[in-house]
Structure formats: C-alpha cells, structure tokens
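One structure is given here, and the rest of the page talks about it.
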Amino acid sequence: MWEIFILSLNFSLPDFSLPPQKLAPLLIGCEFYIRDVGGIIVEVEAYDQSEPAAHSFTGISARNASMFGPPGRAYVYRSYGIHWCLNFVCAPEHWGAGVLIRALEPVRGIDVMCERRGIMDERLLCSGPGRVGQALAVAHEMNGHSLTQEPFQLVPPTRKHPVISGQRIGISKAVDLPWRFGLLGSRFLSKPFR
DNA sequence: ATTAGGATCCTCT
DNA sequence: GAGGATCCTAATG
C-alpha cells in the first residue's frame, strides 16, 4: 500500500465535471448537510467506469443510471441490503463516475444524528458510508437529486486541508488504485491510512 | 489488534 | 441463485 499527499487549494465549490479521482481530494474539507444535519467531509473514494470496482463498470442499468446522468447529482444505492450510501456524480454526462462519501466530522445536528444512529459516541456517528447514510437519513428518493439544491447543502472549505490517499476499502477488484482520500490525521476516518 | 459471522434485499447472471 | 462500494457484536491473539 502506498500513499501520496495533496493539498486542497481552492476555497470554492469543486467542479463536478472533473473526473472522480481529481474531484475526490477537492471534496475533503467541504461541509455537507442534508436538512442542516451533517459536517465536514473527511473521507471519500473515487469510482470510474473504466475500473471493475465501480457499479458503472458493466454499463448503464436501472440501479446505476444516475451515475451516467449529469454531474453534480446524487447517486444513492442500497448496500448489503441494509444501508443507503451516497455518491456525488461527477465527470461529463455518460461517463459513469462518482465519489462515495465515506465519513464526516459531525458539526451540525449532532443530537439528531445520535438519535438516528442510537449511539452517543460522536466519533462513530458518520465514520463509514453506511453510518453517513443513517446519520444524515439518506433516502432512495434522493437518487438523482441535484447536490446544489434542497435538502442538500455543500459548503466550500474555509482553509487548506492536508489530504492523504490510499487503497479503497471493502472491494475485491481494482484493489491497488489509490483512490481513497482522507483528511490527514482526522479521528473521524472509517479506518486509518497506513 | 484482528477475525468471524449474521443481518438483509435488490440487482444482475 | 449469488453476491455485494457495510455495520455490529463477540471471541480470540
């Protein structure tokens, strides 16, 4: 496993028409909310139609259609029959790319998230894609919805953030691509970077 | 710190 | 019918 360091430079909203591995590090440090519940994005993963770990790899289908739609929308899917997980669709339309939101540092609506998750430990509220889905009440109806409209709110970073990258988690194909990105040193990561 | 098993359901083979 | 872009708990080194 290997890692690289990047520094996110812009204090503006990232360009969703970028390919996923370019967009992903720029999302670290942004704040994301659903109905005013959420926090700072500290971990994401890029997925692209050209590699077999992506849901879009085998082409368009009923489930992954929003990945092939316009960038800047949500791709919401059911994981292991249990969790709802959220991606930011990116790259040009028809590309079939997205960035999975894997962990947040809770900022607003912490009481609501504790209630939804049934725990009090702030560190575990949003540290994992399924946990993010439960804490922010990500729902299937949000699939295809614009990320710049209600109930979503995406706020650019207010300072520079050191970003670390490594191998993606929980996949069995294309395991060597270093397309997982995290806020260096954050205690809200779903797993540490080694 | 690491591992194993169960829950659960929709999609695609 | 198989198998997940996961999480939780429990058991063990």
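Everything numeric here is computed off the predicted structure, so don't read it as measured data. Letters go in sequence order (proteins before strands), and every chain restarts at 1.
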Protein-nucleotide distance ([X], atom [atom1]; [N], atom [atom2]), rounded to Å:
| X | N | atom1 | atom2 | value |
| --- | --- | --- | --- | --- |
| A:Arg123 | C:dC8 | CZ | C1' | 14 Å |
| A:Arg117 | C:dT6 | CZ | P | 14 Å |
| A:Gln21 | C:dA5 | CD | C1' | 16 Å |
| A:Ile169 | C:dC7 | CD1 | C1' | 13 Å |
| A:Asp121 | C:dC7 | CG | P | 14 Å |
| A:Glu45 | C:dT6 | CD | C1' | 12 Å |
| A:Gln167 | C:dA5 | CD | P | 16 Å |
| A:Glu43 | C:dA5 | CD | P | 16 Å |

Side-chain N,O ([X]) to OP1/OP2 ([N]) below 4.0 Å:
| X | N | result |
| --- | --- | --- |
| A:His83 | C:dC7 | no |
| A:Arg78 | C:dG3 | no |
| A:Arg180 | C:dA5 | no |

Worksheet item: Of the nucleotides B:dA7, C:dA5, B:dT11, which one has an atom closest to the side chain of A:Ser61?
Response: B:dT11
Fill in: Residue A:Arg131, side-chain heavy atoms: nucleotide from C:dC8, C:dG4, B:dT8 that is nearest
C:dC8
Answer with base, sugar-phosphate or nothing: what part of the nucleic acid does [X] contact at a heavy-atom distance below 4.0 Å?
| X | answer |
| --- | --- |
| A:Asn64 | nothing |
| A:Gly81 | base |
| A:Leu100 | base |

Item to complete: Would you kindly compare A:Gln134 and A:Lys173 by the position of their nearest DNA chain C nucleotide and give the one closer to the 5′ end?
Response: A:Lys173
Item to complete: Mark this stacking check for A:Tyr80 against B:dA7 as yes or no, applying ring centres under 5.5 Å and ring planes under 30°.
Response: no
Worksheet item: If we call it a pair only when both distances are under 3.5 Å in a Watson-Crick or G-U wobble match, what pairs with B:dG5?
Response: C:dC8
Do [X] and [Y] have side-chain N/O donor and acceptor atoms under 3.5 Å apart?
| X | Y | value |
| --- | --- | --- |
| A:His55 | A:Tyr75 | yes |
| A:Trp95 | A:Asp48 | yes |
| A:Gln134 | A:Arg117 | yes |
| A:Asn64 | A:Ser56 | no |

Discussion item. Taking the six-membered ring for Trp, are A:Phe57 and A:Tyr47 closer than 6.0 Å centroid to centroid?
Written reply: no
